[in-house]
Chemist: 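Please see the structure below; I have some questions.
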Amino acid sequence: MSQGALPGFRDFYPEQMAERNYLMKVWRDVAARYGFVEYDGPPLEPLDLYKKKSGDEIVGQLYTFTDKGDREVALRPEMTPTLARMVAAKANALRKPVRWFSIPQLFRYERQQKGRLREHFQLNVDIVGEISAAADAELLAVAIDVMRGVGLTAADVRARVSDRRLLAAVLLVSGVAEDELAGVYGAIDKMGREPRTVTEDKLRAAIGNPDATAKLVSTLDSFGDLDAIGSRFADSPDVLDQVERMREYLRFLAALGVGEWVDFDLSIVRGLAYYTGKVFELFDASGEFRAICGGGRYDDLLSTIGGVDMPALGFGMGDVVLSELLRSRRLFPPPGRGTEYWVAAEDETMLADVMSVAGRLRAKNRSVEYALRSQSLSRQLKQAAGAGVESVVMLKRDDYSRGNVTVKTLSDGAERSMTFQSLLDSLR
RNA sequence: GUGGCUGUAGCUCAAUUGGUUAGAGCACCGGUCUGUGGCACCGGGGGUUGCGGGUUCAAUCCCCGUCAGCCACCCCA
């Protein structure tokens with residue numbers, strides 16, 4: 001076996017490159033449809049940029065090294081800190097709200113698994129400077145429209161939405177202490193993937209007040225039902241206020257035409273510590289793959305990183321899981337047509353004539369190939385068929401000396417004789 | 001980083017429960033069909049059986065290590 005790429009890194013052969021280009025085109029088209037403009041930043045950043053946001057423990061999961069100028073640097077594991085820096089630097093000059101997107105290649109030093117490599121491309125879409133839930137709805141609609149753009153339906157993919165503030169209100173009203181919230185978040189985040197008894201044990205361990213635990217456990221069944229949450233906590237103004245905000249969000253999503261993709265699910269927490277409000281994840285409905293996309297509101301990050309107080313929200317959608325899903329559903333488009341014309345000569349001494357014809361066709365913006373050495377006509381046609389060209393321009397010695405060529409259509413074998421000039425004239 | 005499963009040509013798989021020059025199909029390259037392709041036929045390249053060690057008269061097959069892949073944990077981009 002030859003040694004392949006480094007673990008978790010990919011070689012993109014033409015076939016995979018076509019898939020990657022297709023996906024990126026959909027990403028760009030959909031983002032543009034919503035008025036987002038593309039930006040990019042450096043793939044290498046100061047290590048401090050990530051420490052500032054996530055603390056020192058994140059360093060173990062990054063590609064880091066000391067450069068020749070003695071700087072601690074890291075390959076970017078995510079785009080948001082870079083975005084925050086860039087926006088903060090020009091905060092006053094930018095028209096608000098900022099609607100930017102990017103498709104960075106990101107790196108993470110972790111053991112690879114299906115759907116999770118050490119390198120991937122990720123669509124990042126962010127809105128900065130807008131607190132309205134309309135912005136949250138707009139953001140999720142972009143992610144869902146990408147699903148539509150690649151041919152997936154609301155039966156294939158579900159968007160699960162929640163809000164940190166609603167969850168916090170429910171927990172606090174139930175009697176969970178402020179400093180216990182983080183531990184409870186962890187247990188709730190996993191409740192969809194673990195037996196209920198495990199979740200209950202974790203809650204008991206995380207919460208000091210037994211009454212609070214009992215109340216919470218009895219509420220878990222209602223986590224997917226916003227109305228049930230509302231009626232269960234009807235005596236809590238804090239919860240009701242958040243329930244009403246969630247209803248507004250869901251109304252906006254329906255207005256944007258993506259309501260049928262969305263499920264309310266209070267157990268969506270998202271791991272990142274910086275999310276402050278609405279959060280969402282996109283999953284394939286069969287549960288076969290990892291999350292396709294995750295995002296939400298992170299109103300405090302700009303001030304943490306850039307020293308500018310601006311509300312912000314965004315999502316990341318990686319190419320790995322989505323590509324796996326599209327491959328399994330056979331949704332990648334068939335390879336596009338490659339070369340249009342193949343120039344072949346009946347006479348093996350005519351290679352220079354072949355090149356001349358190819359050159360003039362290329363000057364007309366046509367893609368043209370030919371055998372790079374003199375070969376039998378049989379051989380040339382075989383190569384033309386292998387290359388998948390539509391037409392072969394055949395040069396026969398006597399004919400060509402009078403300015404004539406024969407154009408053969410490979411699909412039906414039909415041949416037409418014409419002057420080369422008329423062929424050129426027919427091409428705009 | 002921890003644990004489990006797996007590892008034979010580019011791909012999919014064989015190889016009498018250790019037995020001697022590791023095979024086939026597809027793919028690729030070339031040839032014939034006496035200069036018009038996709039068919040058919042013929043031929044060719046390509047494996048130190050992931051790598052290293054051990055047991056044995058003998059290892060693709062058994063044991064250990066290592067690397068890689070897959071899965072779970074961790075963690076989430």
Side-chain angles (χ1 to χ4, degrees), chain A residues 1-11 13 15 50 53-55 57-63 74-83 102-126 185-186 189-190 193-194 198 268-275 279 281-282 288 290-296 298 314-322 324 342 344-350 371 374-397 406-415 417:
Chain A
M1 290 286 197
S2 59
Q3 61 281 26
L6 286 170
F9 285 75
R10 298 170 288 176
D11 290 326
Y13 287 86
E15 189 179 309
Y50 306 111
K53 195 198 86 183
S54 309
E57 74 281 1
I58 196 176
V59 175
Q61 298 173 14
L62 302 183
Y63 274 93
L75 289 174
R76 60 186 175 194
E78 56 170 325
M79 198 58 179
T80 311
T82 301
L83 168 81
S102 189
I103 306 180
Q105 186 174 24
L106 305 176
F107 305 87
R108 193 110 165 176
Y109 195 89
E110 283 189 317
R111 195 142 171 176
Q112 67 160 319
Q113 285 180 45
K114 183 182 184 186
R116 189 159 187 193
L117 307 175
R118 288 180 168 181
E119 148 274 319
H120 73 152
F121 291 92
Q122 187 188 65
L123 170 65
N124 272 252
V125 178
D126 293 272
Y185 283 163
D189 187 43
K190 287 193 172 53
R193 282 165 285 160
E194 291 177 336
V198 172
I268 298 299
V269 173
R270 300 290 303 158
L272 294 176
Y274 62 68
Y275 284 118
V279 290
E281 293 182 339
L282 263 52
E288 185 183 346
R290 290 169 183 279
I292 298 166
C293 169
Y298 49 93
F315 72 77
M317 181 188 297
D319 70 310
V320 179
V321 173
L322 186 51
E324 286 172 352
W342 189 284
E346 191 177 32
D347 185 319
E348 292 189 27
T349 67
M350 296 173 70
S374 294
Q375 288 179 318
S376 68
L377 185 57
S378 162
R379 184 93 220 111
Q380 295 175 71
L381 284 164
K382 208 170 276 187
Q383 287 208 50
V389 304
E390 302 165 46
S391 311
V392 176
V393 179
M394 292 194 294
L395 278 45
K396 306 179 184 180
R397 176 163 284 295
T406 299
V407 178
K408 181 185 179 80
T409 311
L410 287 188
S411 56
D412 58 8
E415 295 186 12
S417 187

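Reckoned from all heavy atoms, side chains included, excluding hydrogens, waters and symmetry mates. Throughout, a chain's letter reflects where its sequence line sits, starting with A, and its residues are numbered from 1.
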Chemist: Measure from the side chain of A/Arg116, starting at C-beta and using heavy atoms only, and say which of B/U36, B/C75, B/G69 lies closest.
Modeler: B/C75
Chemist: Distance check, C1' atoms only: B/U60 and B/A14, in whole angstrom units.
Modeler: 12 Å
Chemist: What integer distance in Å separates A/Lys396:NZ from B/U36:C1'?
Modeler: 8 Å
Chemist: What is the distance, rounded to the nearest whole Å, between atom CD of A/Glu110 and atom C1' of B/C74?
Modeler: 8 Å
Chemist: Are the side chains of A/Thr82 and A/Tyr50 in touch, meaning some heavy atoms are under 4.5 Å apart?
Modeler: yes
Chemist: Quick one: does A/Ser376's side chain have a donor or acceptor within less than 3.5 Å of a partner on A/Arg379's backbone?
Modeler: yes
Chemist: Under 4.0 angstrom, heavy atoms only, what part of the nucleic acid is A/Gly314 near: base, sugar-phosphate, or nothing?
Modeler: nothing
Chemist: Answer with base, sugar-phosphate or nothing: what part of the nucleic acid does A/Leu377 contact at a heavy-atom distance below 4.0 Å?
Modeler: base
Chemist: So for A/Glu415 and B/U36, does any side-chain atom that can act as donor or acceptor lie under 3.5 Å from a complementary atom in the base?
Modeler: yes
Chemist: With a 4.0 Å cut-off on heavy atoms, is A/Leu117 in touch with a base, just the backbone sugar-phosphate, or nothing at all?
Modeler: base
Chemist: Quick one: A/Asp189 CG to B/C75 P, roughly how many Å, whole number?
Modeler: 10 Å
Chemist: Roughly how many Å is it from NZ in A/Lys382 to P in B/A40, rounded to a whole number?
Modeler: 12 Å
Chemist: Using side-chain hydrogen bond (donor to acceptor under 3.5 Å, both in side chains) as the criterion, list what pairs up with A/Arg116, not counting sequence neighbours.
Modeler: A/Glu110
Chemist: Can you tell me how far C1' in B/G18 sits from the matching atom in B/A27, rounded to whole Å?
Modeler: 33 Å
Chemist: Among B/G31, B/G37, B/G69, find the nucleotide with the atom closest to the side chain of A/Leu410.
Modeler: B/G37
Chemist: Quote, to the nearest angstrom, the P distance that separates B/G30 from B/G38.
Modeler: 14 Å
Chemist: State which residues pass side-chain hydrogen bond (donor to acceptor under 3.5 Å, both in side chains) with A/Glu346; sequence neighbours excluded, sorted by chain then number.
Modeler: none
Chemist: Write down the distance separating the P atoms in B/G23 and B/G69, rounded off to the nearest Å.
Modeler: 31 Å
Chemist: Can you list everything that forms a salt bridge (Lys or Arg N to Asp or Glu O under 4.0 Å) with A/Glu194? Sequence neighbours excluded, please.
Modeler: A/Lys202
Chemist: In whole Å, what separates the P atom of B/G65 from that of B/G4?
Modeler: 10 Å
Chemist: I need the CD-C1' distance between A/Glu324 and B/C71, as an integer number of Å.
Modeler: 13 Å
Chemist: Taking the P atom in each of B/G7 and B/C51, what is the distance between them to the nearest angstrom?
Modeler: 14 Å
Chemist: Can you tell me how far C1' in B/C29 sits from the matching atom in B/A15, rounded to whole Å?
Modeler: 27 Å
Chemist: Hey, is OH on A/Tyr109 packed in by over 12 heavy atoms from elsewhere, all under 6.0 Å?
Modeler: no
Chemist: Counting any heavy atom closer than 4.0 Å, what does A/Met317 reach on the DNA or RNA strands: base, sugar-phosphate only, or nothing?
Modeler: nothing
Chemist: Which dot-bracket notation, 5' to 3', represents the base pairing of RNA chain B when pairs are defined as Watson-Crick or G-U with both distances under 3.5 Å, crossing pairs as [ ], and inter-strand pairs as |?
Modeler: (((((((..((((.....[...)))).(((((.......))))).....(((((..]....))))))))))))....
Chemist: Which part of the nucleic acid, if any, lies within contact of A/Gly386, taking any heavy atom under 4.0 Å across all strands shown: a base, the sugar-phosphate backbone alone, or nothing?
Modeler: nothing
Chemist: For A/Phe107, what residues pass the ring pair (Phe, Tyr, Trp, His ring centres under 6.0 Å) criterion, not counting sequence neighbours?
Modeler: none
Chemist: Of all the nucleotides listed (B/C71, B/U36, B/C76), which has the minimum atom distance to the side chain of A/Lys114?
Modeler: B/C71
Chemist: Mapping A/Ala414 and A/Arg290 onto RNA chain B by nearest heavy atom, which one lands closer to the 5' end?
Modeler: A/Ala414
Chemist: Check whether any side-chain heavy atom of A/Glu119 sits under 4.5 Å from a side-chain heavy atom of A/Leu6, and report yes or no.
Modeler: no
Chemist: Does A/Asp189 offer a backbone N or O that forms a donor-acceptor pair with the side chain of A/Arg270 under 3.5 Å?
Modeler: no
Chemist: Just checking, any donor-acceptor pair under 3.5 angstrom between side chains of A/Arg118 and A/Gln112?
Modeler: no
Chemist: Using a 4.0 Å heavy-atom cut-off to protein, can you give one letter per nucleotide of nucleotides 1-6 of chain B, 5' to 3': B if the base is in contact, S if only the sugar-phosphate is, - if neither?
Modeler: BBB---
Chemist: Which whole number of Å gives the distance between the P atom of B/C76 and that of B/U8?
Modeler: 36 Å
Chemist: How many whole angstroms separate atom CD of A/Glu15 from atom C1' of B/G10?
Modeler: 13 Å
Chemist: In this structure, how many angstroms lie between the C1' atom of B/A72 and the CD atom of A/Gln112, rounded?
Modeler: 15 Å
Chemist: Whole angstroms only, please: what is the CD-P distance between A/Gln380 and B/G38?
Modeler: 14 Å
